[in-house]
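Convention: sequence-line order gives letters A, B, ...; per-chain numbering from 1. None of these values were measured; they are calculated from a predicted model.
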2 protein chains.
Amino acid sequence: MKLTTIYDVAKKTGFSITTVSRALNNYPDVNEKTKKKILEAVEEMGYFPNSIARSLTTKKSFTFGVIFVENLGVGIKHPFFSGVIEGFKIRAEKFGYDLIFLNRYIGNEEKSYIDHANYRGVDGIIVVCSNYEDPEVVKLIESPLPSVVIDIHSNKTNVIYSNNCYGGELVIDHLYSLGHRKIAHIAGFDDTYTGQERLKGYKLGLEKYSLGINESYIVNGGYFSYEGGYQAMNELLKLEELPTAVFVSGDSMAFGAIKAIKNAGLRVPDDISIVGFDDIELAQHITPALTTIRQDADLMGKKAADLLINHINNKEEGFSAVMLPVELIKRESTKKISVTQ
Amino acid sequence: MKLTTIYDVAKKTGFSITTVSRALNNYPDVNEKTKKKILEAVEEMGYFPNSIARSLTTKKSFTFGVIFVENLGVGIKHPFFSGVIEGFKIRAEKFGYDLIFLNRYIGNEEKSYIDHANYRGVDGIIVVCSNYEDPEVVKLIESPLPSVVIDIHSNKTNVIYSNNCYGGELVIDHLYSLGHRKIAHIAGFDDTYTGQERLKGYKLGLEKYSLGINESYIVNGGYFSYEGGYQAMNELLKLEELPTAVFVSGDSMAFGAIKAIKNAGLRVPDDISIVGFDDIELAQHITPALTTIRQDADLMGKKAADLLINHINNKEEGFSAVMLPVELIKRESTKKISVTQ
DNA sequence: CTGAAAGCGCTTACAG
DNA sequence: CTGAAAGCGCTTACAG
C-alpha cells in the first residue's frame with residue numbers, strides 16, 4: 001500500500017515540495033492561485049501528510065500518553081477513571097491530539113513510563129492513578145515531560161482533583177441531618193491523596209457537630225476495592241456499639257460494605273445507612289441505590305486536557321492545580337433515624 | 001529536554017551509528033566485545049531509540065489503531081466493548097504494539113478513519129462496532145489496511161464474534177425448561193450482525209420446541225440501549241396476551257425492559273422472566289440479578305490481537321473468522337412457572 | 001566484522 | 001512568492 005507523498009503532489013503540480021508544504025500549512029505568503037492549484041491536487045490525490053515524518057522534524061507528535069496506575073486490575077474498565085479518560089480524549093482530540101496508551105514495557109523490555117513516553121515521542125501525558133507514593137509515579141511527576149495528574153496534589157506538575165475534603169463534609173452534613181450521630185468511616189488507603197482528604201472531611205464534619213472522633217470507627221479499606229470495603233465493614237461489625245451510618249470512601253468499597261452488612265443479617269438503610277464516593281454508573285442501579293458524592297469524571301478529563309494543552313503552549317508559566325466541585329446525590333442507602341445520642 | 005540519540009552513543013563508544021544500530025537490533029555479525037561495549041554505553045546513557053525515526057525508515061510503527069463505532073455515546077466507557085479493548089491491549093502490548101485511538105478527525109478536519117490510520121502510520125486496526133452497514137466501516141473492512149473487526153461476519157477481513165446464534169438457542173432451552181411457552185424477543189437492530197444472529201437463535205430455539213413464531217412477540221429494540229429496551233418492552237406490554245418471558249438481545253436493553261415492567265406494576269421474574277445477553281459487570285449487581293448469556297470480552301480482545309498480529313506476519317494468507325463460545329449464566333431474573341400452553 | 005552513504009517524508013531557515 | 005538544501009534519528013543495502 002504505497003501512500004502518496006508530498007513529492008507526488010509536487011510533481012503533479014509542478015511546484016517544489018517546499019511550496020506544497022507551505023500551502024498545506026497555511027503559510028501566509030503563498031500565491032492564492034498556487035495555493036488553490038496545490039489544494040486541488042491534494043484533494044484529488046487524497047494526499048494527507050504523514051504524521052511520523054512531520055513529527056521527526058517538528059519534534060511534536062500531537063499525541064498524549066495515557067498512564068494508568070490502578071490497583072483494581074481492571075485497566076481501562078475502571079468505573080471512574082474510564083470516564084476521566086473519555087473526557088480527556090474528547091477534548092484532546094478537538095485540539096488534534098491523539099491518545100496512546102503507555103505502559104512500563106517496550107516490547108518485552110521493562111522500562112520506565114518516561115522511557116516509553118520518550119520512545120513514542122508524546123507531547124505530554126495524563127497520569128491517572130490513585131497511589132501517589134509509587135516511585136514510578138513520582139519520577140513521572142518530577143520529570144520535565146509535560147503532564148497532568150489526576151487525584152494528586154503537587155506543585156511539581158499540573159494536577160486536578162475533586163474537592164474530596166468538602167465531599168466528606170457533605171456526607172456528614174447529610175447523615176447528621178438524618179439524625180445519625182454514630183458515624184463510621186471506611187477510609188481509602190492513607191497513601192492516596194483522595195483517601196486522606198475524604199478522611200479529613202469526615203473529621204471536619206464530626207468536629208463541626210461536636211460529635212467527637214472515635215478511632216475505632218475509622219477503618220482502612222485499602223485501595224478502594226469491593227473486597228477492601230467488605231473486609232473493613234466486617235471489622236466495624238465486630239464492634240460492640242455498631243455505627244448507625246458509614247461513610248465509605250469509594251463506591252466500589254461501599255458495595256462491598258453493603259454486602260458485608262447483608263451477610264451479617266442486617267439491612268441497608270434500615271439498620272445501617274451507607275454513603276459512598278464517586279457516583280459511578282453502578283451506584284444508581286444497585287439495590288438499594290447508593291447515596292454518594294458525585295465527582296464529575298467527564299469534566300475532570302476535559303479540564304485535565306485543557307491544563308496540559310495550556311501548559312504546553314505557555315512553556316514559561318508554572319503549574320496549575322484545579323479543584324472541582326462535588327455534589328451529594330441522595331438515593332436509597334441512607335435513612336432518617338430518631339436521634340439517640 | 002534534549003534526548004540522547006544514536007549519534008551520542010556512537011561518539012561515546014567510537015563506533016559508527018551503523019554498528020550501534022546493529023548492536024541494538026541484535027544483528028548476528030557484531031563482534032561480541034563491540035556489542036558489549038555499546039550496550040554498556042547505552043545503559044549508562046539511558047539511551048533508547050526513538051520510535052518515530054525508526055518508523056519512518058522501517059514503515060512499521062508498532063502501533064495499532066482502535067476504532068470505536070458505538071451508538072450509545074459512551075465511548076471508552078462502553079460496558080462490553082471496554083473489556084474487549086482491554087484484552088486486546090494486554091495482548092498487543094505483549095508483542096510491542098501500543099494502542100492509539102483513531103477518530104474521524106485530524107485536528108479539526110473531518111476525514112475518514114482510513115486517512116487517520118494512514119496519517120498515524122498504524123500497522124493495523126481493531127474496529128469495535130455494532131453497525132456493519134455504516135459506510136465508514138465498510139470502507140475500513142475493504143481497505144488493504146490490516147484489520148480485525150468485532151461482532152461482524154465478513155470474508156474481507158479478519159473477524160471475531162461470539163456464537164450469538166447458539167446463545168439465543170441456549171436462552172430458549174433455559175426458558176423452555178422453566179416451563180415458559182410464550183417467549184418474546186426484544187431484538188437488536190437488524191443491520192447488526194449480533195442482532196440478526198441472536199434473533200436467528202431465538203427462532204431456531206422456538207422451532208426446536210415447536211412453539212411457533214408469533215411475529216408480534218418480536219420487537220425491535222434498536223441499538224442495544226437502555227432506552228431502546230424500555231420502549232420495546234412497552235410495546236410488548238400493550239399486547240393482549242403478554243409473554244411470560246422475554247429474551248432481550250443485550251444486557252443494557254434488558255435493564256430498560258425490566259424498568260418498563262416495573263413501571264407497569266409487574267414484577268421480574270414473578271410476572272415476566274427476563275434474559276439478557278453479554279453479561280456485563282452490572283448484570284450481577286442489579287436487582288434482580290440478570291440471567292444472561294456470557295460473552296468473554298477479554299478473550300475476544302486477546303484473540304483479536306492474535307488474529308491481527310498473525311495476519312500482519314503472514315501477508316500471503318487470507319482472512320480468519322473466529323467464533324467464541326458463550327455460556328448461560330443463571331441468576332434471579334428467570335423463574336420456573338407451571339406450563340400453561 | 002565495520003563504516004559511509006542513501007533514504008524514509010516531512011519542515012524550515014536561507015537565498016533569491 | 002518560490003525553491004534548493006539541510007536536517008530530524010533512525011535502518012539498510014552496499015562495499016570493503
Does B:Asp29 have more than 12 heavy atoms from other residues, nucleotides or ligands lying within 6.0 Å of its CG?
yes
Proximity to the side chain of B:Leu56 - top-ranked nucleotide from C:dG3, C:dC10, C:dC8
C:dC8
Any carboxylate oxygen within less than 4.0 angstrom of a Lys/Arg side-chain nitrogen, looking at A:Glu40 and A:Lys36?
yes
Quick one: is C:dG9 close enough that its OP1 or OP2 comes under 4.0 Å of any side-chain N or O from B:Tyr119?
no
Among D:dT2, C:dG9, C:dT2, which nucleotide has an atom closest to any side-chain atom of A:Arg22?
D:dT2
Does a nitrogen or oxygen in the side chain of B:Lys59 sit under 4.0 Å from OP1 or OP2 of C:dG9?
yes
Run the ring-centre check on A:Phe101 versus B:Phe101 and record whether the distance is less than 6.0 Å.
yes
Note: contacts of residues 5-18 of chain B with DNA chain D (heavy atom, under 4.0 Å) are B:Thr5, B:Ile6, B:Tyr7, B:Ile17, B:Thr18
Between the side chains of B:Lys35 and B:Glu32, is the shortest nitrogen-to-carboxylate-oxygen separation below 4.0 Å, so that they form an ion pair?
no
Check whether more than 12 heavy atoms from other residues, nucleotides or ligands sit under 6.0 Å from atom CD of B:Glu110, and answer yes or no.
yes
Measure CZ/A:Phe48 against P/C:dG9 and give the value in whole Å, please.
16 Å
Residues A:Lys302 and A:Asp306 bridged, charged N to O under 4.0 Å
no
The nucleotide from D:dT11, D:dG3, C:dC10 with an atom nearest the side chain of B:Thr58 is D:dT11
Is the phosphate of D:dC10 approached by B:Ser21 (side-chain N or O, under 4.0 Å from OP1 or OP2)?
no
Contact check, residues 28-44 of chain A vs DNA chain D, heavy-atom distance under 4.0 Å, returns A:Asp29, A:Val30, A:Asn31, A:Thr34
Atom NZ of B:Lys111: over 12 foreign heavy atoms under 6.0 Å
yes
Could you tell me whether the phosphate oxygens of D:dC8, OP1 or OP2, come under 4.0 Å of any side-chain nitrogen or oxygen in B:Asn50?
no
